[in-house]
Number of protein chains: 2
Amino acid sequence: MLRRDIFQVLADPTRRAIILLLATQPMTPNAIADHFDITRQAVSKHIRLMTESELLNQNQKGREIYYHLQTEKMEEIEKWLDQFRELVAKRFEQLDQVLATLKQKKNEKDSLI
Amino acid sequence: MLRRDIFQVLADPTRRAIILLLATQPMTPNAIADHFDITRQAVSKHIRLMTESELLNQNQKGREIYYHLQTEKMEEIEKWLDQFRELVAKRFEQLDQVLATLKQKKNEKDSLI
DNA sequence: TTTATTTGCAACCGAATGGTTTCTTGTCTT
DNA sequence: AAGACAAGAAACCATTCGGTTGCAAATAAA
């Protein structure tokens with residue numbers, strides 16, 4: 001199945017590098033391609049996927065197209081991570097509860113001695 | 001190219017769901033598969049990838065195998081995001097600097113009037 | 001108005017992905 | 001000891017991925 005989301009974008013190391021590149025300033029496809037050992041067209045395909053995932057916006061200046069990051073899109077990862085952290089925290093709460101119960105049981109037992 | 005890292009794991013929605021499932025408690029492949037509309041074997045393949053990515057550990061109890069999350073592995077995402085956020089912050093610093101320079105220029109001009 | 005530059009698109013290719021079905025192995029149950 | 005259950009492995013399949021080369025369109029520069 002064709003998946004076009006931020007997680008899909010992050011899955012490729014070249015795309016992660018492109019994200020870091022564009023984090024500081026907008027760049028043209030040619031400028032981006034200069035940083036890698038792949039053809040400009042390959043970079044173009046990465047750009048297309050990233051645009052379809054709404055992570056990139058374009059800004060045409062003459063024949064050049066400057067691509068810039070839609071940084072809000074990155075928040076989706078944060079949101080997912082928050083969800084994850086919350087569940088992990090809940091697990092530890094349960095663990096704490098178990099420990100507390102054990103402690104209580106132990107005290108009850110002690111009092112019976 | 002075969003990539004076996006946490007970003008690759010996150011790329012698939014079923015695997016993300018498995019992560020959230022295992023965030024609260026360890027589970028067997030069968031138990032995990034019950035939550036999805038795919039075969040146990042398909043789940044098994046997801047588990048294998050996640051184990052190879054060092055995100056899952058196993059704990060055999062008789063004929064059952066409980067898989068549990070290696071939560072530290074998730075920190076790699078956080079680390080990458082930190083990197084990203086730092087670069088974005090730098091961009092805004094530069095912008096602030098530009099604005100400050102403009103303001104200074106304006107003041108100099110004003111003083112010439 | 002040619003010519004060069006920047007970009008995107010299409011077709012192709014080998015490898016990886018996500019699923020299936022079938023089979024084997026190991027461990028409980030009875 | 002025999003049958004049921006849990007899990008992994010292998011072979012297969014259609015689709016996607018990440019790359020390539022070649023080409024067309026638009027804009028800039030000569």
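Sequence lines set the chain letters: A, B, ... in the order given, protein chains first and strands last, and positions in each chain run from 1. For clarity, every value in this text was computed on a predicted model and none was experimentally measured.
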Would you say the side chain of B:Arg40 and the base of D:dA7 hold a donor-acceptor pair, judged only by whether the two atoms sit under 3.5 Å apart?
yes
First of A:Thr14 and B:Ala31 reached from the 5' end of DNA chain D, by closest nucleotide:
B:Ala31
Gap between atoms CD1 and P, on A:Ile47 and C:dG8 respectively (whole Å)
6 Å
Measure CD1/B:Ile65 against P/C:dT27 and give the value in whole Å, please.
10 Å
Can you identify which nucleotide, out of C:dG8, D:dA9, D:dA6, has its nearest atom closest to the B:Asn30 side chain?
D:dA6
Output for pair (B:Leu69 CG, B:Met50 CE), nearest 0.5 Å, gives 6.5 Å
Measure distances between side-chain N and O atoms of A:Gln60 and base N and O atoms of C:dT7, and say whether any donor-acceptor pair falls under 3.5 Å.
no
D:dG19 base / A:Lys45 side chain donor-acceptor hit below 3.5 Å:
yes
Distance test, side-chain N/O of A:Ser44 to OP1/OP2 of C:dG8, below 4.0 Å
yes
For B:Arg16, is there an ion pair with A:Asp5 - N to carboxylate O distance below 4.0 angstrom?
yes
Select from A:Gly62 and A:Asp37 the residue whose nearest nucleotide in DNA chain D is closer to the 5' end of that strand.
A:Asp37
Give a yes/no on whether any side-chain N or O of A:Arg3 is located under 4.0 angstrom from OP1 or OP2 of D:dC17.
no
Looking at the base of D:dT27, is there any donor atom on it, or on the side chain of A:Arg63, that sits under 3.5 Å from an acceptor on the other one?
yes
Ignoring backbone atoms, establish whether B:His46 has a side-chain N or O less than 4.0 Å from OP1 or OP2 of C:dT17.
no
Starting at atom CG of A:Leu49, determine the distance to atom P of D:dG19, rounded to an integer number of angstrom.
12 Å
Considering only heavy atoms from C-beta outward, does the side chain of B:Met74 approach that of A:Val88 to under 4.5 Å?
no
Quick one: A:Asn59 CG to C:dT6 P, roughly how many Å, whole number?
18 Å
Output the single nucleotide from C:dA16, C:dC9, C:dT20 whose closest atom is nearest the side chain of B:Leu2.
C:dA16
D:dG18, D:dT20, C:dT20: which one has an atom nearest the side-chain heavy atoms of A:Ile38?
D:dT20
Ignoring backbone atoms, establish whether A:Thr28 has a side-chain N or O less than 4.0 Å from OP1 or OP2 of C:dT6.
no
Any side-chain heavy atom of A:Tyr66 sitting closer than 4.5 Å to one from A:Lys61?
yes
Nearest whole Å is fine: how far is D:dA6 C1' from B:Met27 CE?
15 Å
Looking only at side-chain atoms of B:Tyr67, point me to the closest of D:dT16, D:dG8, D:dG18.
D:dG8
Specify the separation, in whole Å, of atom CE of B:Met1 and atom C1' of D:dT20.
15 Å
Would you call B:Pro26 and B:Asn59 a side-chain contact if the rule is heavy atoms closer than 4.5 Å?
no
For the residue pair A:Ile32 and A:Leu22, establish whether any side-chain heavy-atom pair is separated by less than 4.5 Å.
yes
Quickly work out the B:Gln8 CD to D:dT16 C1' distance and round it to whole Å.
12 Å
So, does B:Thr39 get its side chain near the phosphate of C:dT20, meaning an N or O under 4.0 Å from OP1 or OP2?
yes
Is there a donor and acceptor pair, one atom on the side chain of B:Gln58 and one on the base of D:dG8, closer than 3.5 Å?
no
Starting at atom CD of B:Gln41, determine the distance to atom P of C:dT22, rounded to an integer number of angstrom.
11 Å
